[in-house]
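Written out below as structure tokens is the structure these notes cover.
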Amino acid sequence: MDPEETPEQTAVREALEETGHQVGSVEHVATFEPMIGTVRSPHHVFVGRDAEPVADPTEFDEGVYEWVPLAEVRGLISKGRIQSSGTLIALLHILAS
């Protein structure tokens, strides 16, 4: 997060930078600490909705992203293909709702 941003604003900005999609709305799923007792580092997890492609991505150093059908997500999780804890939280939230 940039100092002047809210977590919601950061989620929208990061979605645009990393995917080229403008998010219509964001839903806060959870804020969690991935390493309690070791590092103080709150992670805010949002699910973006109504995303529209508006530009090419500008961030290429934070991971590899690929659009996949929601029906494939359970299999990707089972195979260990999704390892980011924040991504797992968001996807499990979507699958459960």
Hydrophobic cluster membership, Ile77 vs Val45, 4.5 Å side-chain cutoff: yes
Summary of salt bridge (charged side-chain N to carboxylate O under 4.0 Å, His left out) pairs that have at least one residue in residues 12-21, sequence neighbours excluded: Asp2-Arg13, Glu5-Arg13, Arg13-Glu17
Shortest non-hydrogen contact between Pro34 and Ser41, atoms and distance: CD-O, 3.3 Å
Aromatic plane relationship, Phe32 with His43 - under 30° parallel, 30 to 60° tilted, over 60° perpendicular: tilted
Glu72 (side chain) donor-acceptor with Pro69 (main chain) under 3.5 angstrom: no
Over all atoms of both residues, closest heavy-atom pair of Phe46 and Ala11: CD1-CB, 3.7 Å
Thr19 side chain near Trp67 side chain, heavy-atom distance below 4.5 Å: yes
Shortest non-hydrogen contact between Thr31 and His44, atoms and distance: OG1-ND1, 3.0 Å
Co-members of Met35 in a cluster of I, L, V, M, F, W and Y side chains, linked at under 4.5 Å: Val39
Check: Val12 and Gln22 side chains under 4.5 Å, non-hydrogen atoms: yes
Partners meeting ring pair (Phe, Tyr, Trp, His ring centres under 6.0 Å) with His93 (sequence neighbours left out): none
Hphob cluster co-occupancy, Val26 + Leu92, side-chain heavy atoms under 4.5 angstrom: no
Side-chain heavy atoms of Leu91 within contact of Leu76, under 4.5 Å: no
Members besides Leu16 in its Ile/Leu/Val/Met/Phe/Trp/Tyr cluster (side-chain heavy atoms under 4.5 Å): Val54
Residue pairs fulfilling salt bridge (charged side-chain N to carboxylate O under 4.0 Å, His left out) with at least one residue in residues 42-52, sequence neighbours excluded: Glu27-Arg49
same_hphob_cluster(Val47, Ile89) at 4.5 Å side-chain heavy-atom cutoff: yes
Shared hydrophobic cluster, Ile82 / Val29 (ILVMFWY, side-chain heavy atoms < 4.5 Å): yes
Sequence neighbours excluded - salt bridge (charged side-chain N to carboxylate O under 4.0 Å, His left out) pairs with any residue from residues 82-97: none
